[in-house]
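Structure, as structure tokens:
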Amino acid sequence: MDNERIRTICMSLPHAAETVNWGHHLVYWAGDRDIGGKMFAMTDLDGTGFGVLWFHCGAERFHELQEIEGISASPYLAKAHWVTVERWDVLRPRQIEDELKRAHQLIFEKLPKRTKTILAMQEKERNKVVRERKKAKKAASSR
């Protein structure tokens, strides 16, 4: 397992988007963040951080996953039930894929109604709304 395989899995999920944040993290979102999407997983792009993969696992799996050697509560995100996988060999590839799909589903279910409404639009209309939101956000930040 590696960053490219994680990217393939995450980007194949419905309404998934990606951004680079905090300098060296590839962050995966359920819905574009500019329309209210929320992150469900991230990887370390340059190997300088702690861990190789972080993901939301929900309250039910949070403590169970931490019992596996090489998985710990994520710094800053533990309250939101995120875990950190320290090495790629901690879980089998199929387990990682299942956890990422579960993370996406858990976060997608929690999205605000207005965000889900935008995501339910036809692709052309949805892309227009996303572009407009990004443009408005950029204009507001440059003031």
Side-chain angles (χ1 to χ4, degrees), residues 1-66 68 70-91 93-143:
M1 192 60 72
D2 59 17
N3 281 336
E4 280 303 312
R5 179 71 182 120
I6 296 299
R7 183 174 188 274
T8 301
I9 294 166
C10 290
M11 294 306 292
S12 72
L13 299 171
H15 305 293
E18 65 183 352
T19 60
V20 175
N21 290 75
W22 309 293
H24 59 95
H25 288 93
L26 187 54
V27 181
Y28 298 98
W29 302 80
D32 192 294
R33 75 176 180 178
D34 291 324
I35 60 165
K38 300 197 181 297
M39 59 185 196
F40 68 93
M42 64 181 146
T43 60
D44 184 14
L45 290 173
D46 64 6
T48 60
F50 171 73
V52 294
L53 172 67
W54 299 259
F55 61 89
H56 175 73
C57 60
E60 299 79 27
R61 301 266 303 140
F62 184 66
H63 296 290
E64 182 182 332
L65 285 169
Q66 289 180 75
I68 300 170
I71 297 180
S72 59
S74 295
Y76 311 108
L77 294 169
K79 287 182 183 180
H81 304 111
W82 278 63
V83 292
T84 299
V85 177
E86 297 171 14
R87 304 173 316 277
W88 290 120
D89 63 352
V90 171
L91 296 171
R94 181 66 182 172
Q95 289 175 300
I96 292 174
E97 184 173 354
D98 290 345
E99 292 298 340
L100 291 172
K101 287 178 179 178
R102 184 177 297 113
H104 178 270
Q105 182 176 355
L106 288 169
I107 294 298
F108 192 85
E109 289 171 359
K110 294 179 186 179
L111 290 177
K113 184 178 179 182
R114 64 181 163 73
T115 302
K116 287 182 178 179
T117 300
I118 294 170
L119 293 174
M121 293 176 177
Q122 295 286 338
E123 185 176 3
K124 188 174 181 180
E125 187 179 358
R126 180 177 62 243
N127 290 342
K128 181 180 176 186
V129 171
V130 170
R131 278 193 310 275
E132 289 170 357
R133 293 270 175 99
K134 286 182 179 184
K135 187 177 178 181
K137 194 173 186 178
K138 188 174 182 178
S141 68
S142 65
R143 292 182 192 164

(message) According to salt bridge (charged side-chain N to carboxylate O under 4.0 Å, His left out), does anything in residues 9-30 pair up with another residue at least two apart or in another chain? List the pairs.
(response) Arg7-Glu18

(request) Give every residue pair that meets the salt bridge (charged side-chain N to carboxylate O under 4.0 Å, His left out) criterion with at least one member in residues 70-88, sequence neighbours excluded. (result) Arg87-Asp89

Between [X] and [Y], is there a donor-acceptor pair closer than 3.5 Å when you use the side chain of the first and the backbone of the second?
| X | Y | answer |
| --- | --- | --- |
| Asn3 | Asp44 | yes |
| Thr115 | Ile35 | yes |
| His104 | Pro14 | yes |
| Ser74 | Thr84 | yes |

Of all the heavy-atom pairs spanning [X] and [Y], show the shortest one and how long it is.
| X | Y | value |
| --- | --- | --- |
| Val129 | Met121 | CG2-SD, 3.9 Å |
| Ala78 | Ala73 | CB-CB, 3.8 Å |
| Thr43 | Trp54 | C-CZ3, 3.6 Å |
| His15 | Leu119 | CE1-O, 3.1 Å |
| Phe62 | His81 | CD1-CA, 3.6 Å |

(request) Show your working on side-chain contact (heavy atoms from CB on, under 4.5 Å) between Arg61 and Leu106 and close with a plain yes or no. (result) CA-CA 12 Å; Arg61 301 266 303 140; Leu106 288 169; over 6 Å; no

(request) Among Glu123, Lys128, Gln122, Lys124, find the residue that satisfies the side-chain contact (heavy atoms from CB on, under 4.5 Å) test when tested with Arg126. (result) Glu123

(message) Contact between Met39 and Trp82 at the side-chain level, heavy atoms closer than 4.5 Å - yes or no?
(response) yes

(message) Side chains of Ile68 and Val85, heavy atoms from C-beta outward: is any pair under 4.5 Å?
(response) no

(request) Using distance alone, with no hydrogens and no angle criterion, decide if Gln95 and Glu99 have a side-chain donor and acceptor under 3.5 Å apart. (result) no

Rounded distance [0.5 Å steps], [atom1] in [X] versus [atom2] in [Y]:
| X | Y | atom1 | atom2 | value |
| --- | --- | --- | --- | --- |
| Leu13 | Leu100 | CG | CG | 7.5 Å |
| Cys10 | Leu53 | SG | CG | 7.5 Å |
| Ile6 | Phe55 | CD1 | CZ | 9.0 Å |
| Asp34 | Trp29 | CG | CH2 | 8.5 Å |
| Thr19 | Leu26 | OG1 | CG | 7.5 Å |

(request) Using a strict cut-off of less than 4.0 Å between a Lys/Arg side-chain nitrogen and an Asp/Glu carboxylate oxygen, indicate whether Arg94 and Glu97 qualify as a salt bridge. (result) yes

(message) Between Arg102 and Asp98, is the salt bridge (Lys or Arg N to Asp or Glu O under 4.0 Å) condition met? List the steps.
(response) CA-CA 6 Å; Arg102 184 177 297 113; Asp98 290 345; 5.9 Å; no

(request) State whether the number of non-hydrogen atoms from other residues, nucleotides or ligands found under 6.0 Å of Lys135 atom NZ is greater than 12. (result) no

(message) Here's a test for you: under salt bridge (charged side-chain N to carboxylate O under 4.0 Å, His left out), which of Arg133, Arg131, Lys134, Lys38 qualifies with Asp32?
(response) Lys134

(message) Between His56 and Phe40, does the ring-ring contact (aromatic ring centres under 6.0 Å, His included) criterion hold? Intermediate values first, please.
(response) CA-CA 5 Å; His56 175 73; Phe40 68 93; 9.6 Å; no

(request) Could you list the residues that satisfy salt bridge (Lys or Arg N to Asp or Glu O under 4.0 Å) with Arg114, not counting sequence neighbours? (result) none

